[in-house]
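So the structure is just underneath, and the comments pick up after that.
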Amino acid sequence: MSTKPTLEDIVSLCKRRGFVFQSSELYGGLNGVYDFGHLGVLMKNNLRSAWLKSLQAPDKTILLFEGALVGPQAVWQASGHIDNFHDPMVDCLNCKKRFRADDIDMEKGCPYCGKKEWTEVRQFNMMFKTHLGATVDHSTAAYLRPETAQSIFINFKNIMSSHRVKIPFGVAQIGKAFRNEITPKQFLFRMREFEQMEMEWFCTADTSNEYFKYWCEKRLSFYTAIGINPQKIRLRSHEKTELSHYSSQTSDVEYEYPFGWKELEGIADRGNFDLSQHSKYSGKDLSVHDEEKQTSYIPNVVETSVGADRLFLTCLFDAYTIDTLGQEERLVLKLHPSIAPIKAAFLPLVKKLNDPMHHIYTDILKCGYTIEFDDSGSIGKRYRRHDEIGTPFCFTYDFDSETDHRITVRNRDTLQQERISIDAIKNYIGDKLQKPAAL
Ligand code: ATP
């Protein structure tokens, strides 16, 4: 049996087991900002590398990039963020609660107090502004980036000429983005400081439709490859009225959260809007030369963009399971082994057996797996902890191991236990865990 987790279940597990903490909790907390603990960092690293792996294909060039978090005003003027990156904001005059106007039905009244007394809807720019250096004026104004993509566009020529690549090729970036969301909510779903994993695919205008379809399919298959339930993932293409001003087509990968089907990733055909804008505003030519046709053109871009934290939350929702075993309930995170923070636990049955088990653990650690040695508490308690953090396999060393040189492996999901030779542990882990999710 399994029950669907609530957001509170996930938040509580994250705190209890050290995946994610509210940022600055000691001082009352910072809304929409979170810190990641040991297991959270391990799991996020796994998501980052699974994402990078998923972009690879023998016939596709994907270059890596890591841009600065802060950018001058001119960049955001050209990209349209200063003029367009607004959310509509409205306040209830009675209870003073603030909302994103497109998040609520204003006709129905305030979701908190029910009154229909509203302020005017105002446009609120979501970028964080700062000044570089001691002088505060127009020339020193800078913004924390609200998306990672622009740093790739403004480096397009640097990247292309230094790597001598030809169109088509992609540039992938993982990094922080900042949005002053009016109402950050749903934990890691809508944050003010978050991480994006974006890939910009530069191509000719006549191939962008074909590549848009290619990347939609490829991105969708990523989610099943990392173990997300395919019933809860879908691709939804945007209606014409939903499209951003620069986009000719956009599809969202959506997941069915407890709060409904919502965007997890956006895939957009951005045309040549970004490079054209930066060319126009910087006065620098960003076109490429087509030797065959003897013409110059500004490439089109197909973008795929997913939030690392939103994906992290999605994996937790998807994996969180309550199994009932007879009278007992057990909480287990059925994470795909490639995503699980700890791949295997090494448990001596009793403290007396620590030394031989630690010896085995040290030997396996040399192979580079993220594993844990755990001797604290009863074996039942240790199994429960590893179920809760999603460790796919627990190896237990008992008194028989001393003579038969075998060890018990417990499978997190099936609870089946088998005895294998101590010499076979490396191969066992290699076979079961090191296999990348069918990417
Ligand atoms: P939404 O409609 O949910 O606000 P968006 O359309 O503004 O998202 P994009 O600008 O397309 O989002 O950003 C790409 C991806 O970045 C999103 O699909 C999401 O995974 C992630 N993302 C965007 N905003 C946030 C946020 N405030 N907190 C966490 N992740 C975010």
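Start at 1 and go down the list; that is how both ligands and their atoms are numbered.
- For a threshold of 3.5 Å applied to N or O pairs, the pair formed by F189 and ligand 1 contains at least one separation below that value.
- In this structure, L264 counts as a contact residue of ligand 1, since one of its heavy atoms falls inside 4.0 Å of the ligand.
- Checked against a 3.5 angstrom limit, the closest N/O atoms of E198 and ligand 1 fall outside it.
- Residue R100 has no nitrogen or oxygen atom sitting less than 3.5 Å from a nitrogen or oxygen atom of ligand 1, judged on distance alone.
- Comparing E195, E263, E303 against atom 18 (O) of ligand 1, the shortest heavy-atom distance belongs to E263.
- When each atom of ligand 1 is checked for a heavy atom of E265 under 4.0 Å away, the hits are 18 (O).
- The residues D309 and K44 are annotated as salt-bridged, a charged nitrogen and a carboxylate oxygen being separated by less than 4.0 angstrom.
- With distances taken over non-hydrogen atoms, the option nearest atom 31 (C) of ligand 1 out of F178, F312, F85, F194 is F194.
- Remark: R192 is not positioned above the aromatic ring of F178, lacking an NZ or CZ atom under 6.0 angstrom from the ring centre and at most 45 degrees off the axis.
- For ligand 1, one of its N or O atoms has an N or O atom of G307 under 3.5 Å away.
- The R190 neighbourhood of ligand 1 comprises atoms 1 (P), 3 (O), 4 (O), 26 (C), 27 (N), 28 (N), with distances under 4.0 Å to a heavy atom of that residue.
- A salt bridge links K334 with D323: at least one charged nitrogen is closer than 4.0 Å to a carboxylate oxygen.
- Relative ring orientation between Y255 and Y257 is described as perpendicular, the plane-to-plane angle rising above 60° on a 0-90° scale split at 30° and 60°.
- Proximity to M191 (heavy-atom distance under 4.0 Å) selects the following atoms of ligand 1: 26 (C), 27 (N), 28 (N), 29 (C).
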**Request:** Please step through salt bridge (charged side-chain N to carboxylate O under 4.0 Å, His left out) for the pair R385 and E372, ending with a clear verdict.
**Result:** CA-CA 12 Å; R385 169 170 179 268; E372 255 189 28; 2.9 Å; yes
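- Using bins of under 30°, 30° to 60° and over 60° for the plane-to-plane angle, the ring pair H278/F153 lands in the tilted bin.
- Salt bridge absent: R330 and E388 never bring a charged side-chain N and a carboxylate O closer than 4.0 Å.
- Of the candidates F194, F21, F312, F36 forms a ring-ring contact (aromatic ring centres under 6.0 Å, His included) with just one, namely F312.
- At least one heavy atom of R179 sits closer than 4.0 Å to an atom of ligand 1.
- For the ring-ring contact (aromatic ring centres under 6.0 Å, His included) with Y34, the qualifying choice from F19, F189, F187 is F187, the only one to do so.
- In terms of protein heavy atoms, atom 16 (O) of ligand 1 is closest to Q196 NE2, 3.3 Å.
- Considering A177, S305, P184 only, the shortest heavy-atom separation from atom 15 (C) of ligand 1 involves S305.
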